[in-house]
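The analysis underlying the following values was restricted to heavy atoms, covering all of them including side chains, and did not include hydrogens, waters or symmetry mates.
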Amino acid sequence: MADERLPAEPGAPSPRQRIDRCVQALKDAAGEEVLANAAGVVAMFTAMTMVVDATGQSSKEFAIMQKYASKFLRWKRNLAAFCPCIQG
């Protein structure tokens, strides 16, 4: 988060504390399965964004990441058919 580099306001929660609060709120509201799914989406987005930012969309690194992301999503869809806790 960009504001981690800025001086903290006195008495204000740190960025880490705000993230921890949000994680707990999501877990309480929707459960661990949704929390895990959200973490996976964030991780894949972050990985792809780093590759695109570093090398551009036409790079071989992006093609490799895209191949694995597609496999992951296909695996997740197949697993969802057998495991109702995993949303398609």
Side-chain angles (χ1 to χ4, degrees):
M1 292 174 43
D3 61 347
E4 287 181 37
R5 293 176 194 84
L6 298 174
E9 295 177 31
S14 72
R16 180 78 249 165
Q17 290 170 323
R18 293 192 331 234
I19 290 170
D20 289 344
R21 247 190 259 149
C22 290
V23 166
Q24 190 61 47
L26 179 60
K27 184 178 174 183
D28 292 345
E32 289 184 5
E33 295 83 15
V34 172
L35 180 62
N37 195 24
V41 169
V42 169
M44 292 303 294
F45 179 80
T46 301
M48 287 188 175
T49 301
M50 289 186 333
V51 172
V52 170
D53 287 349
T55 61
Q57 289 190 1
S58 61
S59 71
K60 73 175 186 180
E61 290 85 0
F62 183 73
I64 292 169
M65 277 299 297
Q66 192 172 23
K67 181 176 90 172
Y68 288 108
S70 296
K71 285 182 180 183
F72 172 77
L73 292 174
R74 189 172 29 250
W75 173 82
K76 183 178 177 280
R77 278 189 225 109
N78 291 338
L79 185 61
F82 298 103
C83 214
C85 66
I86 299 175
Q87 302 289 314

* Run the side chain to side chain donor-acceptor pair (under 3.5 Å) check on Asn37 and Glu33 step by step: do they pass? -> CA-CA 6 Å; Asn37 195 24; Glu33 295 83 15; over 6 Å; no
* Residues forming a side chain to side chain contact (heavy atoms under 4.5 Å, CB included) with Glu32, sequence neighbours excluded ->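 Glu32 satisfies side chain to side chain contact (heavy atoms under 4.5 Å, CB included) with Lys27 once adjacent residues are dropped.
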What side-chain donor-acceptor pairs closer than 3.5 Å can you find for residues 39-51, not counting sequence neighbours?
unit_1	atom_1	unit_2	atom_2	d
Thr46	OG1	Val42	O	2.8
Thr49	OG1	Phe45	O	2.7

